[in-house]
Amino acid sequence: MNATQEKATTEGSLKQVIAHAKEYGFVFPSSEIYDGLSAVYDYGPFGVELKNNLKALWWKTMTQLNDNIVGIDASIFMHPTTWKASGHVDGFSDPMIDNKDSKKRYRADVLIEEHAAKLTPEAGLALEKELARLLEADDLSGVLALIVRENIKCPVSGTANWTDVRQFNLMFSTQVGSVAEDSSTIYLRPETAQGIFVNFLNVQKSARMKVPFGIAQIGKAFRNEIVARQFIFRMREFEQMEMQFFVRPGEEMTWYQHWKATRLNWHKALGIPENKLRFHDHEKLAHYANAAVDIEFEFPFGFKEIEGIHSRTDFDLKSHQEYSGKKQQYFDSEINQNYVPYVVETSVGADRLFLMTLCNAYTEELVGEGEQQKLRTYLKLNPAVAPIKAAIFPVTKKDGLPEKARLIFDDLRLDMKVIYEEKDNIGKRYARQDLIGTPFCIAVDYQSLEDDTVTIRYRDSTLQERIAIKDLKAKLMAETSFNTILSKL
RNA sequence: GCGGGAGUAGCUCAGCUGGUAGAGCGAUAGCCUUCCAAGCUAUAGGUCGCGCGUUCGAACCGCGUCUCCCGCUCCA
């Protein structure tokens, strides 16, 4: 651990990243003055800039670089039947049971299914049927009775000392209408995808889209997680960036592979090192999917999913067709056929993308020698997504330097987010910008008054070079443009 | 939800076996200083997470509660 001698560059632990995020205005706990609200967070002044940039980058990648992808913005509230059709009403609530000795929590249905697998095929099948009947009837005490009757034990403690079976519904519900009695229950969407599916024909017709084509959407979704933790990694209110890609039946695997590669590449282009990213194939597939893979990032707490790519088959559109009684078909004039398209989904957690970006950017470096040695903390953010693109400093606040700097600032602000500061010595000002990841600092000095040049100081190297003021904006625009990322795709 | 750990100024922490709060950094204002958290002056900021109890007296002891962190479980 004695790495103090060499120039050690380290990434932060999750704790450090959280502390940094709060201290420097990226992420605050929600309603903090009331002790916060579990698993809910607010984005601060620099956090919202960073997040907006990430969202804009994704949006442009999808809708600007692909002429067959268009966007929508659907509501959070949807007709309740939507969630019956999607399977969330039935499938999104889990019967849970705790073992009082081992303190472990299990899904009661999984426990019984695993037990059934050990029985003879006939007995196992009979048990599963019984379970299905009980679940269908929402008979939770019946499920417990079944566990007791079968003498199912906890794999850890080996005892059958169980709590009651309790239902955890992951969807938030609320009422429409001001009078409680007359109102009907509706849900806050647990995923944004259904807003796309129910608008499939609206979009296809109005934008005259031809299969294969995609619909992109960024929006909030809500899940009443039993356990929500790890900062903004798992929140009860979160933001998804989803693109549903509609393809001819039978061609879904080709597109699945295509989007898998394309999306991984996007994260790399953003500047995430290759060795911190990996694919993780799903062995157990969701009810709607015939193939699924996660793109995982190595967070301080391990490799975790940031994006999912799913081949959702025609499950959703078919289901909506059934429940709504409205045909969800597409006429493919190339092959002269009507069909319900298959869907390949790419779904990024915007907050996870944000957290990945922040974790990856957080850097601590020992600089200086001996007594002078100190820790330099900065955010190595990609300039294209950095909250502040440049800071403009007069080297002192007299002799007309502030006025000169102001002119540059007023010109730059028309094109990008910049900061002007003249308080404190310039080293302190550099350090403050490092902490929020500002990639460039522009210093106006006495030479600037004579020959209209300034120095530009680079965040990561702390090196400076002199540049003519007339060339400054073009350089900054080029260095901070989305183009620097998009051109790599 | 369960188990473990932790809550004192914006941050990092100090505060003895109970005697009603302090430091450094940071922030703000000013001075000084043309280049990497320098120096000087001043100011602001805390019902010690919250509640109840014990006590003449609680940051400190007891009980309860809330929040955060780590693990179990689940997912975008």
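So that the names make sense, note that chain A is the first sequence line, chain B the second, and so on, each numbered from 1.
- Under a 4.0 Å N-O distance rule, the pair A:Asp452/A:Lys404 qualifies as a salt bridge.
- Because its NZ or CZ atom is both nearer than 6.0 Å to the ring centre of A:Trp266 and within 45° of the ring axis, A:Arg263 counts as a cation-pi partner of that residue.
- By the 4.0 Å N-to-carboxylate-O rule, A:Lys304 lies too far from A:Asp294 to be salt-bridged with it.
- A:Arg223 forms no cation-pi arrangement with A:Phe172, by the criterion of a distance under 6.0 Å to the ring centre and an angle within 45° of the ring axis.
- Note: NZ (A:Lys22) to C1' (B:G10) measures 8 Å, nearest angstrom.
- Two residues are said to be in side-chain contact when any heavy atoms from C-beta on lie closer than 4.5 Å; A:Thr63 and A:Met243 fail this criterion.
- Legend: ring-ring contact (aromatic ring centres under 6.0 Å, His included) pairs involving residues 444-471 of chain A, not counting sequence neighbours, sorted by first then second residue: A:Phe440-A:Tyr458.
- Between B:U34 and A:Lys398, no contact under 4.0 Å exists linking OP1 or OP2 to a side-chain N or O.
- Across the C1' atoms, B:A44 and B:U28 are found 7 Å apart, a figure rounded to whole Å.
- A salt bridge links A:Glu421 with A:Arg432: the closest approach of a Lys/Arg side-chain nitrogen to an acidic carboxylate oxygen falls below 4.0 angstrom.
- Residue A:Tyr41 forms a ring pair (Phe, Tyr, Trp, His ring centres under 6.0 Å) with just one option from A:Phe28, A:Phe26, A:Phe231, and that option is A:Phe231.
- Residue-environment remark: CZ (A:Phe303) exceeds the threshold of 12 foreign heavy atoms within 6.0 Å.
- Of the possible polar contacts, one joining the A:Asn53 side chain to the A:Glu49 backbone as a donor-acceptor pair under 3.5 Å is found.
- The strand RNA chain B forms stems, runs of 3 or more Watson-Crick or G-U wobble pairs with distances below 3.5 Å, at B:1-7 with B:66-72, B:10-13 with B:22-25, B:27-31 with B:39-43, B:49-53 with B:61-65.
- Spacing of P atoms, B:C32 relative to B:C48, comes out at 42 Å, to the nearest Å.
- The interatomic distance linking A:Phe238 (CZ) with B:C74 (P) rounds to 17 Å, in whole Å.
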I'd like a list of close polar pairs between nucleotides 42-46 of chain B and the protein, N/O only, cut-off under 3.5 Å.
none

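- If you take CG of A:Asp399 and C1' of B:U33, they are 12 Å apart, rounded to a whole angstrom.
- The pair A:Glu345-A:Arg312 counts as a salt bridge, with a side-chain nitrogen and a carboxylate oxygen less than 4.0 angstrom apart.
- Only the P atoms considered, B:C16 is 15 Å distant from B:G62, to the nearest whole Å.
- Of the possible donor and acceptor atoms, none in the side chain of A:His267 sits under 3.5 Å from a partner among the backbone N and O of A:Ile295.
- Crowding of A:Glu274 atom CD: a count of heavy atoms from other residues, nucleotides or ligands under 6.0 Å not exceeding 12.
- For the segment residues 450-462 of chain A, residues with any heavy atom less than 4.0 angstrom from an atom of RNA chain B are, sorted by number, A:Thr455, A:Arg457, A:Thr462.
- Interface residues of residues 418-438 of chain A facing RNA chain B, ordered by number: A:Lys423, A:Asn425, A:Ile426, A:Gly427, A:Lys428, A:Tyr430, A:Ala431, A:Arg432, A:Leu435; criterion, heavy-atom separation under 4.0 Å.
- For RNA chain B, the residues of residues 302-316 of chain A within the heavy-atom distance limit of 4.0 Å (strictly under) are A:Glu305, A:Ile306, A:Glu307, A:Gly308, sorted by number.
- Comparing atom distances between the A:Val395 side chain and each of B:U33, B:U34, B:C68 picks out B:U34 as nearest.
- At whole-Å resolution of the value, CZ in A:Phe231 and C1' in B:U67 are 15 Å apart.
- Residues A:Asn382 and A:Ile485 form a side-chain contact, since some pair of their non-hydrogen atoms from C-beta on lies under 4.5 Å apart.
- When side chains are defined from C-beta on, A:Arg466 does not count as touching A:Val454, because their heavy atoms never get closer than 4.5 Å.
- Tested against A:Asp434 for a salt bridge (charged side-chain N to carboxylate O under 4.0 Å, His left out), the candidates A:Lys428, A:Arg457, A:Arg429 yield a single pass: A:Arg457.
- Across the C1' atoms, B:C60 and B:G7 are found 15 Å apart, a figure rounded to whole Å.
- Distances from the side chain of A:Ala443 to the nucleotides B:C35, B:G10, B:U33 place B:C35 closest.
- A:Glu239 places its CD atom 12 Å from the C1' atom of B:A76, with the value rounded to the nearest Å.
- With RNA chain B read from its 5' end, the first of the two nearest nucleotides for A:Glu237 and A:Tyr446 is the one closest to A:Tyr446.
- Residues A:Ser347 and A:Tyr24 both approach RNA chain B. Their nearest nucleotides, taken by heavy-atom distance, put A:Tyr24 toward the 5′ side.
- With A:Glu239 as the fixed residue, the salt bridge (charged side-chain N to carboxylate O under 4.0 Å, His left out) test singles out one of A:Arg352, A:Lys220, A:Lys55: A:Lys55.
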